[in-house]
Amino acid sequence: MNSKLNSNLNDRQNLAVTAATGQALVLAGPGSGKTRVLTYRMAHLIQEMGVNPYHILAVTFTNKAAREMGDRLDTVIGNKSQGLWLGTFHSVCGRILRREASVLPFDSNYVIFDADDQLSIVKQIFKEYNINDKIYRPQSIHASISNAKNELIPAEDYVPGNSREELVAKVYTRYQKMLMQSNALDFDDLLLWSVKLLVEHDTVRQKYAQQFEHVLVDEFQDTNRAQYQLLRMLTSVHLNLFVVGDEDQSIYRWRGADYHNIIRFEKDYPTAKKILLEENYRSTQNILDAAQAVIRKNKNRTHKQLQSARGETGEKIQFFEADDGQHEAEFVVNSIRKAIQMGAHGRDFAIMYRTNAQSRLLEEAFLHASLSYRLVGAQRFYGRREVKDLIGYLRLIFNPADQISLERVINVPRRGIGPKKLEDLALVAFQGQTTSGAVLLDLVREGQKSRFWIPIGRSVDALLPFARQLRKWTDLLGSGTVSEVFDSILFDTDYQSYLDDGTPEGEARWENVQELRKMAYEYNEKGMIEFLENLALVSDQDTISSNDDSPTLLTLHAAKGLEYKQVYIVGLDEGLIPHTRSIDSDDPEEMDEERRLLYVGMTRAKDSLTLLRADQRSQYGSYTYSAPSRFLQDIPAALLQQQGMRNVARTKTAATWKDADQFLSRLNTTSKRPAPEPVVQKSKRFAHPMRVTHAVWGEGMVLDSKIVDGCEIVEINFASVGMKRVDADLAKLQILE
């Protein structure tokens with residue numbers, strides 16, 4: 001291998017980069033340089049083995065990772081990588097589907113519906129079929145549809161096994177029909193249709209399998225069944241598959257990811273080379289030892305012994321026990337404020353938690369301390385109203401069949417086109433076996449000669465001005481740039497006057513529009529297709545700014561792939577980490593994933609790691625005792641520096657973190673009453689499918705009930721907040737007739 005490339009790699013990395021052709025499984029521990037290995041592997045293929053970049057496919061899981069890998073590759077070999085296919089699974093599939101649309105039931109100018117659009121369609125179907133959304137949540141039904149697609153089960157092959165699945169099948173069928181009518185795909189469709197394309201059209205499969213001599217995959221543990229099948233077909237000719245992953249960092253099971261694909265890989269390719277990367281360049285040894293102590297309990301994993309390349313033992317892991325959740329948040333913020341006052345940068349700090357709801361107390365503490373912060377996973381830039389409006393305009397211009405976008409923008413700004421006129425338009429389109437967008441364009445093109453003029457009737461006067469604008473923009477799309485179309489929308493709709501009403505909020509919204517406008521200019525050469533795909537497939541991590549010098553608040557799921565000098569993980573309590581769902585589940589994989597989630601969070605830390613928990617947490621005006629997380633007892637005491645309530649404020653009792661299991665029974669006991677005496681078994685008052693009401697959460701349906709330590713614990717699906725587990729006596733549930 002080129003000595004310049006070789007000098008930047010350790011022995012294991014070099015072994016992976018220079019591996020012979022065929023299949024290779026690289027199990028890369030956190031911070032072990034997997035991006036470097038993938039980058040240098042591509043450089044090795046191009047420079048040392050003479051592979052044409054056009055014959056290399058490299059797949060990542062985020063746009064950010066793809067950009068970083070592309071930039072690194074350019075640094076290593078200059079501009080010799082032109083033609084290489086590098087992107088996320090979804091972007092690569094999108095590219096293939098547009099190229100091969102002639103054999104598919106949708107046109108090449110299809111649009112990709114984002115999460116909000118997908119949920120909007122499901123809600124429309126609920127109204128159409130008169131489905132009670134208090135019994136069945138649209139989000140839950142859509143999740144079932146998504147899971148089916150990830151398992152490569154199209155609507156026509158979905159076989160229900162119970163009454164709920166019968167509803168899923170009904171909604172799924174209608175959902176797909178509405179997507180096709182709008183010439184649209186959702187995220188899961190990009191994978192499902194790509195697999196379907198390669199399975200049913202052998203010439204297409206041969207074409208791409210022949211083209212891609214080498215396929216490289218990042219974060220292989222996060223692939224699902226559809227992605228695994230896709231990889232097998234794309235490598236069916238040359239059989240060169242190089243995958244990098246780590247079972248210990250698989251944390252997306254809830255959205256279809258299956259780390260068992262690593263096991264399948266070893267079974268399907270028994271001669272594959274297996275290489276472990278165990279030298280960590282990120283963290284101190286104490287952090288690594290603590291994290292490994294947590295993950296070691298999991299089964300179905302390859303043992304790795306992580307060693308810090310920094311040669312530093314580092315400071316002990318700080319463990320802080322707070323009186324309550326507010327005290328926990330205040331400790332974090334005060335610690336960060338003191339560090340910043342001593343010269344630290346805000347961007348060096350990250351506070352991680354299990355659920356988004358945990359950010360509230362932290363945000364309040366930051367505001368009270370007058371410290372800025374950035375919140376990952378809140379309302380994203382691309383989810384803001386004004387941004388979605390303009391994206392809706394662009395999608396409609398690109399694909400006039402997009403009914404969701406049409407309904408979003410046709411009366412923004414107000415044009416006097418209300419629900420009744422929209423219904424008239426949709427009915428005429430349905431009767432004419434076409435789309436609403438096609439009707440509007442035909443009205444402008446044919447005038448009163450249009451076959452839709454008379455059926456539209458009096459609504460035509462309100463619809464024509466918008467129809468003329470739409471026709472102008474679609475014509476401009478054929479000859480103009482992305483930015484020209486964007487500016488035409490702003491000018492023709494006088495969008496600034498509509499948005500900026502002179503208030504600070506209006507001004508901020510207009511600034512968001514200007515930010516999106518800057519992006520449009522960046523895509524003038526790439527074109528509208530790439531611009532819209534980038535907007536549709538962007539992830540939370542893609543929006544994290546490296547220029548913001550503020551501490552970051554984010555969930556443990558969102559922390560994957562990131563690193564910070566100092567990390568705080570709050571909520572190390574039973575019911576939070578691990579989450580209640582995993583505690584109640586009969587599936588051991590649920591608890592294993594919770595353990596992996598904590599492991600990922602711990603290994604984001606470079607220099608300092610602080611774990612925190614609270615003795616009690618507020619629940620609607622009363623305080624509930626919390627038991628220490630069972631994961632804490634896995635960490636050797638020698639690695640911990642304990643402080644806080646139990647070390648200072650009072651004598652330690654059996655309630656220390658090492659005795660978490662003894663305190664599980666306190667989870668549903670408020671601090672306003674003494675611990676209950678042992679009671680005899682009592683009968684249950686609640687049972688499925690009884691309907692109940694709660695003073696705060698409103699109506700819900702009982703899913704399950706069990707007696708725990710003399711208390712009736714009821715699982716209820718509330719229409720307002722989803723699934724909750726409550727103590728029936730404390731919750732004061734009322735049974736509805």
Side-chain angles (χ1 to χ4, degrees), residues 113-149 153-186 188-189 392 401-408 410-411 417-437 439 455 459 686-694 697-704 715-724 733-737:
F113 280 175
D114 63 20
D116 291 339
D117 299 324
Q118 295 165 34
L119 188 57
S120 293
I121 295 177
V122 174
K123 289 179 178 179
Q124 284 185 26
I125 298 170
F126 269 45
K127 290 181 180 178
E128 182 179 323
Y129 290 159
N130 197 28
I131 300 171
N132 190 337
D133 60 6
K134 293 183 178 180
I135 298 178
Y136 300 101
R137 297 176 65 226
Q139 295 90 336
S140 175
I141 299 300
H142 178 262
S144 296
I145 294 172
S146 177
N147 290 337
K149 290 184 178 184
I153 305 172
E156 59 271 20
D157 294 339
Y158 187 90
V159 179
N162 53 45
S163 59
R164 182 185 181 279
E165 290 177 0
E166 288 176 0
L167 178 66
V168 171
K170 182 178 180 180
V171 175
Y172 189 2
T173 300
R174 179 63 178 144
Y175 177 83
Q176 285 304 107
K177 185 175 181 180
M178 292 179 71
L179 285 177
M180 292 299 99
Q181 288 173 341
S182 290
N183 193 37
L185 305 180
D186 64 18
D188 302 311
D189 279 331
D402 183 350
Q403 185 69 22
I404 293 291
S405 293
L406 174 68
E407 292 177 2
R408 181 179 187 93
I410 196 169
N411 203 39
I417 305 175
K420 180 62 171 65
K421 292 183 176 64
L422 269 175
E423 288 177 9
D424 292 342
L425 176 61
L427 179 60
V428 169
F430 175 77
Q431 292 172 342
Q433 296 185 320
T434 187
T435 65
S436 296
V439 170
S459 296
F686 300 92
H688 176 74
M690 187 180 292
R691 297 200 53 76
V692 297
T693 184
H694 183 274
W697 297 321
E699 291 186 19
M701 182 171 69
V702 174
L703 300 180
D704 191 22
E715 284 190 13
I716 306 170
N717 185 14
F718 288 101
S720 60
V721 293
M723 193 78 67
K724 289 289 183 181
L733 299 171
Q734 293 185 11
I735 300 173
L736 299 176
E737 294 297 331

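Predicted model only: the values in this text are computed from it and were never measured.
- Two residues are said to be in side-chain contact when any heavy atoms from C-beta on lie closer than 4.5 Å; Asn132 and Tyr136 fail this criterion.
- Here the side chain of Asn411 pairs a donor or acceptor atom with the backbone of Ile417 at under 3.5 angstrom.
- Sorted pairs that involve residues 159-169 and meet salt bridge (Lys or Arg N to Asp or Glu O under 4.0 Å), not counting sequence neighbours, are lacking altogether.
- For Asp704, there are no salt bridge (Lys or Arg N to Asp or Glu O under 4.0 Å) partners, not counting sequence neighbours.
- Residues meeting the ring-ring contact (aromatic ring centres under 6.0 Å, His included) test with Tyr175, sequence neighbours left out: His142.
- Under the side-chain contact (heavy atoms from CB on, under 4.5 Å) criterion, Ser436 pairs with Gln403, Leu406, Leu425, Ala426, Ala429, sequence neighbours left out.
- Minimum interatomic distance between Tyr172 and Ile153 (heavy atoms only, all atoms of both residues): OH-O, 2.8 Å.
- Between Asp133 and Ile131, every side-chain heavy-atom pair lies at or beyond the 4.5 Å cut-off.
- Lys123 pairs by the side-chain contact (heavy atoms from CB on, under 4.5 Å) definition with Leu119, Pro138, not counting sequence neighbours.
- Partners of Lys127 under the side-chain contact (heavy atoms from CB on, under 4.5 Å) rule, at least two apart in sequence or in another chain, do not exist in this structure.
- The side-chain contact (heavy atoms from CB on, under 4.5 Å) test applied to Arg174 returns Ile125, Glu128, Tyr129, Lys177, Met178, Gln181, not counting sequence neighbours.
- At a threshold of 4.5 Å between non-hydrogen side-chain atoms, the residues Leu179 and Leu185 do not count as touching.
- For the side chain to side chain donor-acceptor pair (under 3.5 Å) condition, the pairs that include at least one residue of residues 422-433, sequence neighbours left out, are Lys420-Asp424, Asp424-Ser459.
- Every salt bridge (Lys or Arg N to Asp or Glu O under 4.0 Å) that Asp117 has, sequence neighbours left out, goes to Arg395.
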